[in-house]
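Have a look at the structure below before the remarks.
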Number of protein chains: 2
Amino acid sequence: MTTMSNRYQAEGAKSRPTMRHVAALAGVGIKTVSRVMNDEPGVSEATRQRVLGASQQLNYQLDMAAGSLRRAGRQTLSVGLLLPSVANPFSSEIHRAMEDALAARGIAVFAASLDDDAEREKALVTAFLGRRVDGLVLTPIAKSQAYVIPEHSRDLPIVFIDREPVGIEADAVVTDNAVGAAKAATHLISHGHTRIAYMGDRTDIQTARERRRGFTEELGRAGIATSTVPVREGLHDEESARLATLELLRAEEPPTAIFSSQNLVTFGVMRALKELGLNKRVALVGFDDFTLADMMEPGVTVIAQHPDRIGKLAAERLLARIDGDHGAAQTYVVPSELITRGSGELRPPE
Amino acid sequence: MTTMSNRYQAEGAKSRPTMRHVAALAGVGIKTVSRVMNDEPGVSEATRQRVLGASQQLNYQLDMAAGSLRRAGRQTLSVGLLLPSVANPFSSEIHRAMEDALAARGIAVFAASLDDDAEREKALVTAFLGRRVDGLVLTPIAKSQAYVIPEHSRDLPIVFIDREPVGIEADAVVTDNAVGAAKAATHLISHGHTRIAYMGDRTDIQTARERRRGFTEELGRAGIATSTVPVREGLHDEESARLATLELLRAEEPPTAIFSSQNLVTFGVMRALKELGLNKRVALVGFDDFTLADMMEPGVTVIAQHPDRIGKLAAERLLARIDGDHGAAQTYVVPSELITRGSGELRPPE
DNA sequence: GGTGTGCCTGACAACGATGTCAGGCATCAT
DNA sequence: ATGATGCCTGACATCGTTGTCAGGCACACC
């Protein structure tokens with residue numbers, strides 16, 4: 001039979017060897033092969049070597065999917081990771097940190113991009129559930145995550161990152177958005193600014209709202225009438241931020257400092273400032289650190305997030321849940337950090 | 001029985017419903033449920049609705065792993081992607097492009113980072129094979145990829161990206177490294193430079209060698225004695241590139257132009273030039289485009305690769321192979337592009 | 001010699017699904 | 001009435017592996 005099937009498949013796809021093939025070649029039972037491949041005790045050294053030899057000869061490899069089908073607990077040693085985009089630097093650093101933390105346990109990561117699309121979020125969660133991942137880490141974008149309640153209460157570990165979920169109680173790992181934005185405000189105020197503009201992302205994004213709240217509350221605390229604060233929101237890319245900034249700076253009584261709530265927005269602001277030759281006159285603090293920020297003219301002061309820590313922490317929480325931690329859901333806050341590089345330390349003109 | 005198991009598991013992990021549960025609730029056979037879930041024909045509309053209702057009520061979801069166990073061809077609708085690092089911008093753009101091309105077919109992507117570690121390459125390939133991926137896309141780093149020959153000849157689709165594999169004939173998608181580097185050389189020569197330094201990456205990386213070859217060959221063609229070309233290699237990060245550049249520029253007869261073979265090296269060179277106040281005097285062309293290159297002083301001229309096209313093409317080739325294309329292995333070359341921004345157009349001092 | 005104690009080992013069912021196949025029931029032509 | 005033809009449907013084996021369990025064998029002890 002073996003011969004038959006070999007000949008039959010000689011010119012096409014050769015099929016992968018199974019335990020049965022290894023067992024036949026080694027002259028043992030299939031269960032013994034299983035024991036050897038899984039490093040289970042109770043196999044004599046001689047048998048072990050025979051099986052190992054046969055398996056190498058056939059280039060045999062255990063089929064994890066088939067194994068976990070029968071195995072208790074059904075672990076697949078894979079998890080799903082849903083990010084705004086795998087190509088986004090912030091996301092990909094989280095991804096990397098998680099990978100490192102999970103690789104130690106032999107867990108592989110399915111990664112996917114959401115593009116701020118709520119439908120895609122649900123579709124991808126479904127796709128990963130169908131693959132029976134051991135856990136899910138996701139950046140929520142849909143209005144509510146209640147749709148995963150059935151799975152979550154069936155004990156599927158889920159950790160939300162960057163944004164807290166709505167409609168479900170589950171672990172989350174987030175940056176101290178409001179506090180970070182407040183730090184930016186304090187920093188600019190302490191350098192003499194009172195007319196500080198806020199350039200913000202789409203308001204349907206929770207972190208954007210938090211940053212705005214932290215920022216304006218801090219201005220209020222400092223005695224600056226929040227009604228006088230120029231606020232531009234709904235900026236989701238470089239170009240819209242650039243245009244909004246140009247408009248703002250050409251208006252009467254332009255701001256002497258700008259706080260931008262996100263990477264791409266910061267880039268747009270930088271472009272506008274440079275165009276108008278104001279890059280060394282108008283102060284700027286951006287939320288999110290970025291490559292080459294120190295090479296700008298002047299260097300760009302930022303509120304840096306720590307995607308590596310977020311990723312690591314998320315992975316640790318996920319592993320704890322996978323290992324059976326049934327404690328109450330909790331939100332973990334990773335502190336942001338002010339990094340001064342020049343642009344945030346410019347003083348207003350006399 | 002159903003009641004029993006519900007009560008039993010009320011306080012712990014509820015188990016996931018299976019087809020049997022759905023079948024029991026709908027009062028049909030298990031195979032009928034299978035037909036409905038897979039949109040197979042031959043089910044009356046009335047039965048279909050009953051099954052659909054039951055499956056929704058139980059929140060049932062098909063188990064892909066179990067399904068593909070029996071299904072012909074054993075497709076898992078997942079592929080493995082091995083990158084230098086998922087956090088590397090070049091890699092993550094490839095990743096994104098692949099994801100988009102594969103998502104249309106419902107294929108999920110396992111992504112992992114190699115960190116230029118040959119052992120990790122093999123370990124991760126093994127890990128993905130154990131998960132029975134339908135295909136593999138990988139950036140080779142090990143000296144030879146002959147170890148995947150058994151799987152490849154068993155019809156596992158494999159596409160190499162960025163670098164060509166060694167010891168195996170398989171599809172590859174790469175940038176025209178030598179041509180791109182030659183373009184950089186031509187560009188600098190046409191702007192009057194004859195003393196052009198080459199700052200290169202580790203020579204064990206194939207693309208680095210190709211870039212160097214293309215660069216020096218072009219200088220030779222232009223009549224520049226290659227023995228006079230300052231070459232610094234083995235630079236793998238910003239700091240080593242910065243130091244090498246400082247040393248080079250402080251030596252006698254410093255170059256009037258620099259070609260850097262890679263992103264991080266370019267950053268190091270930029271830092272050194274700025275430190276010495278030479279950023280507007282010494283010309284620079286870097287291999288690899290990067291964010292904010294146009295915001296530098298001056299803007300940085302680069303040979304841009306097209307990671308999005310590389311990713312898309314790799315995904316297309318992989319799908320073709322998955323669909324049974326048994327044509328000879330082929331290497332696909334994605335052309336690079338010269339983007340002028342200022343730094344590469346600086347002329348040498350008289 | 002009988003028996004208990006470990007240590008190895010393999011037969012068998014099961015995991016959750018799909019492929020195969022045969023059977024039941026209308027409908028329709030003869 | 002009889003047989004042929006389709007359409008639905010479910011019993012059963014099977015995918016590759018692991019859990020369970022019982023059996024065989026060697027050794028030591030009484």
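In the text below, chain A, chain B and the rest are named by the order of the sequence lines, each starting its count at 1.
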Q) Rounding to a whole Å, what distance do you find between B/I30:CD1 and D/dA11:C1'? A) 11 Å
Q.
If you count heavy atoms of other groups shown closer than 6.0 angstrom to CD of A/E169, is the number above 12?
A. no
Q: Name the first nucleotide and the last nucleotide along DNA chain C (5' to 3') that come under 4.0 Å of a heavy atom in chain A.
A: C/dC8 to C/dG16
Q: Five pairs at each end of the helix from C/dG1-D/dC30 to C/dT30-D/dA1: take the axis at both ends and give me the angle between them to 10°.
A: 60°
Q: Please list, by residue number, the residues of residues 38-52 of chain A whose heavy atoms come closer than 4.0 Å to an atom of DNA chain C; answer none if no residue qualifies.
A: A/G42, A/V43, A/S44, A/T47
Q. Whole Å only: how far is the CZ atom of A/R35 from the C1' atom of D/dT20?
A. 10 Å
Q | Polar side-chain atom of A/S113 near backbone of A/D115 as donor-acceptor pair, under 3.5 Å | A | no
Q | Sequence neighbours excluded - salt bridge (Lys or Arg N to Asp or Glu O under 4.0 Å) pairs with any residue from residues 130-139 of chain B | A | A/D63-B/R132
Q: Not counting sequence neighbours, which residues clear side-chain contact (heavy atoms from CB on, under 4.5 Å) with A/N38? List them please.
A: A/S34, A/E40, A/L62, A/R71
Q. Which sits closer to the 5' end of DNA chain C, B/A65 or B/K31, going by the nucleotide each is nearest to?
A. B/A65
Q. Should B/E45 and B/R48 count as an ion pair when the cut-off is N to O under 4.0 Å?
A. yes
(Q) On DNA chain D, compare the nucleotides closest to B/V33 and A/V33; which residue's is nearer the 5' end? (A) B/V33
Q: Working to the nearest 0.5 Å, report the span between NE2 of A/H326 and CG of A/D155.
A: 4.0 Å
**Q.** Backbone N/O of A/T126 and side chain of B/Q61: donor-acceptor pair under 3.5 Å
**A.** yes
Q) Whole-Å distance between D/dG16 P and A/Y60 OH? A) 10 Å
Q | Separation of B/D171 CG from B/D325 CG (nearest 0.5 Å) | A | 7.5 Å
**Q.** Salt bridge A/R154-A/E151, side-chain N to carboxylate O under 4.0 Å
**A.** yes
Q: Assess whether side chain to side chain contact (heavy atoms under 4.5 Å, CB included) is satisfied between A/L129 and A/L156, documenting all intermediate values.
A: CA-CA 9 Å; A/L129 290 178; A/L156 178 81; 3.4 Å; yes
Check residues 50-57 of chain A and write down every donor-acceptor pair under 3.5 Å in which the side-chain atom is one partner and the other belongs to a residue at least two apart or another chain.
| unit_1 | atom_1 | unit_2 | atom_2 | d |
| --- | --- | --- | --- | --- |
| A/R50 | NE | A/A26 | O | 2.9 |
| A/S55 | OG | A/L52 | O | 3.3 |

Q.
If the condition is ring pair (Phe, Tyr, Trp, His ring centres under 6.0 Å), which residues does B/F128 pass it with, not counting sequence neighbours?
A. B/F110
Q: Look up atom CD1 in B/I141 and atom CZ in B/R120, then write down how far apart they are to the nearest 0.5 Å.
A: 12.0 Å
Q. Do B/D117 and B/K122 meet the salt-bridge criterion of a basic N to acidic O distance under 4.0 Å?
A. no
Q | Rounded interatomic separation in angstrom, taking CD from A/Q61 and P from D/dG16 | A | 15 Å
Can you name the atoms? Protein N/O to nucleotides 13-15 of chain D N/O, anything below 3.5 Å, with the distance.
| unit_1 | atom_1 | unit_2 | atom_2 | d |
| --- | --- | --- | --- | --- |
| D/dT14 | O2 | B/R70 | NE | 2.5 |
| D/dC15 | O2 | B/R70 | N | 3.4 |

Pick out the pairs of N or O atoms, protein on one side and nucleotides 24-28 of chain D on the other, that lie under 3.5 Å.
none

Q | Partners meeting salt bridge (charged side-chain N to carboxylate O under 4.0 Å, His left out) with A/K312 (sequence neighbours left out) | A | A/E316
Q) If only atom types and distance count, is the side chain of A/T331 paired as donor or acceptor with the main-chain N or O of A/A172 below 3.5 Å? A) no
**Q.** Side-chain ion pair, B/R163 and B/E121, N-O less than 4.0 Å
**A.** no
Q) Where along residues 127-136 of chain A does a heavy atom fall under 4.0 Å from DNA chain C? A) none
Q: Could you note down all residue pairs passing ring-ring contact (aromatic ring centres under 6.0 Å, His included) where residues 134-160 of chain B supplies at least one of them, sequence neighbours left out?
A: none
